[in-house]
Enquirer: 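This is the structure I have questions about; it appears just below.
Labels below follow one simple rule: chain letters A, B, ... track the order of the sequence lines, proteins then strands, and each chain is numbered from 1.
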2 protein chains.
Amino acid sequence: MTRPTIYDVARESGFSIKTVSRVINGAPNVRRETVARVQAAIDLLQYHPDPAAQRLGGGKLPTVGVVVDSIDDPFFAQVVAVIEGRAMDVGMDVLVASTGMDESRMRTQIQRLARRGVAGLVVAPFGDERRVAEALPDEVPVVVIDRKCGVTDKDVVRVTDEEGAVEAVRHLAARGHRRIGFLGKTSAFTTLTDRYVGYEKALAEAGLEVDPRIVETRAWSADEGYPHALAMLATADAPTAVFAASPMMGLAILRAQQRLHRQDIAVVIFGDHPAADLMTPPTTVVDQRPTALAEAAFDLLSRRIQDPDAEVLDMVMPTMLLARGSGELAPRSLP
Amino acid sequence: MTRPTIYDVARESGFSIKTVSRVINGAPNVRRETVARVQAAIDLLQYHPDPAAQRLGGGKLPTVGVVVDSIDDPFFAQVVAVIEGRAMDVGMDVLVASTGMDESRMRTQIQRLARRGVAGLVVAPFGDERRVAEALPDEVPVVVIDRKCGVTDKDVVRVTDEEGAVEAVRHLAARGHRRIGFLGKTSAFTTLTDRYVGYEKALAEAGLEVDPRIVETRAWSADEGYPHALAMLATADAPTAVFAASPMMGLAILRAQQRLHRQDIAVVIFGDHPAADLMTPPTTVVDQRPTALAEAAFDLLSRRIQDPDAEVLDMVMPTMLLARGSGELAPRSLP
DNA sequence: AGGCGCTATGACAGCGCTGTCAACACCCCG
DNA sequence: CGGGGTGTTGACAGCGCTGTCATAGCGCCT
């Protein structure tokens, strides 16, 4: 009536629970025929090991934990979706936790998952180098995604933030824009700072100078960014093009554009958006390719779970500029 | 060095492990002073109970499982995000699993989570009544969300699908449209059928007849729906307005509109979208209010975990028409 | 004084696994 | 033919909790 246990399988197969355990875990030194007989009993009884017991007995939970800013951010939603799919393929479950960009909450969440005994953790951390290093546990495999945050003793998968930003701004400059605004943030974590650095580089490359009046580096959420975007577009010498350094800032600039009926301003956003192709004009973006990033993160985590002493990797995945239209706009002719 | 256990707390506080256990679980019949002393020891040692051990000892895991079609669907992403937030508030974790709209995978995922010993499950099921009933476990509290699927022995939280559809179509009819198309599906689960029923009702109410040439009821994904949407808009007597019965179908119709430069066609979509306000024109939607739905689901689940014999509830939450523009378009004057 | 019914606490046996260590074949070698 | 592997299996003690049942102390009744 109740779920079968390892004892039931042992009885059914005629071997001891230890041998059954060996079969379950694919341990070496079990005769082929024994494996087959035990497996037959497992199938017959529809036995599935109890993860809690496995954990308590000395193993890890067949589970990976994912800690991200927020689960309904399209970027992270995709990351979680991919990891969940991959985890399912290998019989693991996925625990999700969000930080809401609150540092103490990030700590709590990470600790909770680590304590729970997950086999591995995928974390998008933030905050200053030292505190991030403190927050990441050493006793469980961790892969850091999206931002390095100065982490050197863990595997990292991130994208070419600086190069992506360069490409975006270069794209605008190549179309004749000479007043290119920046909307983003330059603290919290390196990812964002790198994008600003890319912006500066591309400007320099085009022989342009940074004009602080069209650079906004303090906003984080779409709601925070919106008034700044409005202000930037409303000034006398408004930019003819804007580089939004995150999808949130992308929403902010698009809303501001719409509000002011200034769809003529060229825009490139760092980070793709599911409906970007439906905008008017369709939005040109630097795609972070969350799917590829998540796949790589999962692979790296599997690798580290298997071999805790593997060399620490810092993977930097290329971004991809998707020119859809909003970046093609020429600077509007001045009166 | 190693994590403190209940024995450490017992030793530190001078009570037995059982009393510590009582304090942890807020059991009755423990003296106030005892609670305080034990709590002090817990705080001092930074003790946290091991969920796996709690589970094995006879309890449930402090975890809720969420099973949805796909985690990166904006609707479900929001649902997961809300549940995760609420769970965190009460010290629970969240396991996510996706079905990919595959029935056997749905079964597998549900069973896996149930086996894992979660305290409760939130499931968006699909498929025919009998098989859904079979797939949902009885030994763990389950709350069904978004679709009833004929479930009668579990709590359900869903929205007013039929009424929402009626409202959407009525909105279009009120603006003079007499050829209103339908894009959606009428099988898989009641939710979708109900929306079609609402469509029919609203048409009848407006004295209009269903024209099968502008009704498409077989598409599910955006990719499947797109060619159908194209075909519908391209015919000689194309509709002047379309009701898309799901966000996916919404994307399909919007893409088709864009492709054919037919932004003049009025559109109402069932289900809101994060960037709907940025479309041209901004998209009018029937908001399913995923946040409210998820809150209700979590409340219902907590209630059932506490009292497994509580009365079974079928909550139907009201939808909300958000008139943004695309539904306001008048029928284009015929040549 | 004896008995009853509380409340507060503890001893102890599992829960279903895995790790450790031992046992028992066999085999090869000298 | 004995010593020392190697391959295969099992006995058993935990892992860190919770459930059950026992125990002790106390107030109150008869």
Side-chain angles (χ1 to χ4, degrees), chain A residues 1-39 41-42 45-63 91 112 114-119 139, chain B residues 1-39 41-42 45-63 91 112 114-119 139-140 305:
Chain A
M1 215 67 288
T2 172
R3 279 182 54 199
T5 72
I6 201 172
Y7 288 93
D8 298 316
V9 178
R11 194 173 323 113
E12 179 67 31
S13 65
F15 290 95
S16 73
I17 58 164
K18 183 62 218 185
T19 295
V20 175
S21 169
R22 289 193 176 96
V23 172
I24 295 167
N25 296 288
N29 298 339
V30 183
R31 258 196 308 188
R32 285 188 162 281
E33 197 201 313
T34 304
V35 172
R37 297 238 303 270
V38 170
Q39 193 57 54
I42 288 175
L45 298 175
Q46 297 221 57
Y47 166 78
H48 295 271
D50 179 330
Q54 293 189 101
R55 160 69 220 297
L56 204 55
K60 282 290 182 186
L61 239 25
T63 302
R112 240 226 320 258
R115 212 161 34 228
R116 241 177 159 304
V118 297
E139 62 278 15
Chain B
M1 213 68 285
T2 171
R3 279 182 52 198
T5 73
I6 200 171
Y7 287 92
D8 300 315
V9 177
R11 193 173 322 112
E12 179 67 31
S13 66
F15 289 95
S16 72
I17 58 164
K18 183 63 216 186
T19 295
V20 175
S21 170
R22 288 193 176 95
V23 171
I24 294 166
N25 296 286
N29 300 338
V30 184
R31 260 196 306 189
R32 287 189 159 281
E33 199 202 311
T34 304
V35 173
R37 297 237 303 271
V38 170
Q39 192 57 53
I42 288 175
L45 300 175
Q46 296 222 59
Y47 166 77
H48 294 271
D50 179 330
Q54 293 189 103
R55 161 68 221 299
L56 205 54
K60 283 292 181 183
L61 239 26
T63 302
R112 241 225 321 256
R115 208 157 40 224
R116 242 178 160 302
V118 297
E139 62 278 15
V140 32
I305 288 171

Enquirer: Would one find a side-chain N or O of A:Thr19 under 4.0 angstrom from OP1 or OP2 of D:dT9?
Expert: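 False: A:Thr19 side-chain N/O out of range (4.0 Å or more) of D:dT9 OP1/OP2.
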
Enquirer: Categorize B:Phe15 for me: base, sugar-phosphate, or nothing, with a 4.0 angstrom heavy-atom threshold over every strand shown.
Expert: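 Sugar-phosphate, no base atom in range.
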
Enquirer: Could you state the CD-C1' distance from A:Glu33 to D:dT8, rounded to the nearest angstrom?
Expert: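 One finds 13 Å between C1' of D:dT8 and CD of A:Glu33, rounded.
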
Enquirer: For the pair made of CG in A:Asp8 and P in C:dC15, what is the distance, rounded to whole Å?
Expert: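 Spelled out: CG on A:Asp8 to P on C:dC15 is 11 Å.
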
Enquirer: Is there a side-chain polar atom (N or O) of B:Ser16 under 4.0 Å from OP1 or OP2 of C:dG10?
Expert: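 For B:Ser16, the contact criterion (side-chain N or O under 4.0 Å from OP1 or OP2 of C:dG10) is met.
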
Enquirer: Can you measure B:Arg115 atom CZ to C:dC17 atom P for me and round it to whole angstrom units?
Expert: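 Whole-Å distance recorded here is 11 Å.
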
Enquirer: If I compare all heavy atoms of A:Val38 with all of A:Phe15, which pair ends up nearest, and what's the gap?
Expert: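 So the minimum-distance heavy-atom pair works out to CG2-CD1, 3.9 Å.
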
Enquirer: What contact category does A:Asp50 fall into here, base, sugar-phosphate, or nothing, at under 4.0 angstrom with non-hydrogen atoms?
Expert: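 Answer is sugar-phosphate: A:Asp50 comes under 4.0 Å of backbone atoms only.
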
Enquirer: In whole angstroms, how far is the C1' atom of C:dA8 from the CG atom of B:Asn29?
Expert: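 Distance, rounded to whole Å: 7 Å.
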
Enquirer: Could you list, one pair per line, each protein nitrogen or oxygen that sits under 3.5 Å from a nitrogen or oxygen of nucleotides 19-28 of chain D, together with the distance?
Expert:
residue: D:dG19; atom: N7; partner: B:Lys18; partner atom: NZ; Å: 2.7

Enquirer: Could you state the atom-to-atom distance from CZ of A:Arg37 to C1' of D:dT8 in whole Å?
Expert: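 Result: 13 Å.
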
Enquirer: Could you state the atom-to-atom distance from OH of A:Tyr7 to P of C:dG14 in whole Å?
Expert: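 One finds 11 Å between P of C:dG14 and OH of A:Tyr7, rounded.
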
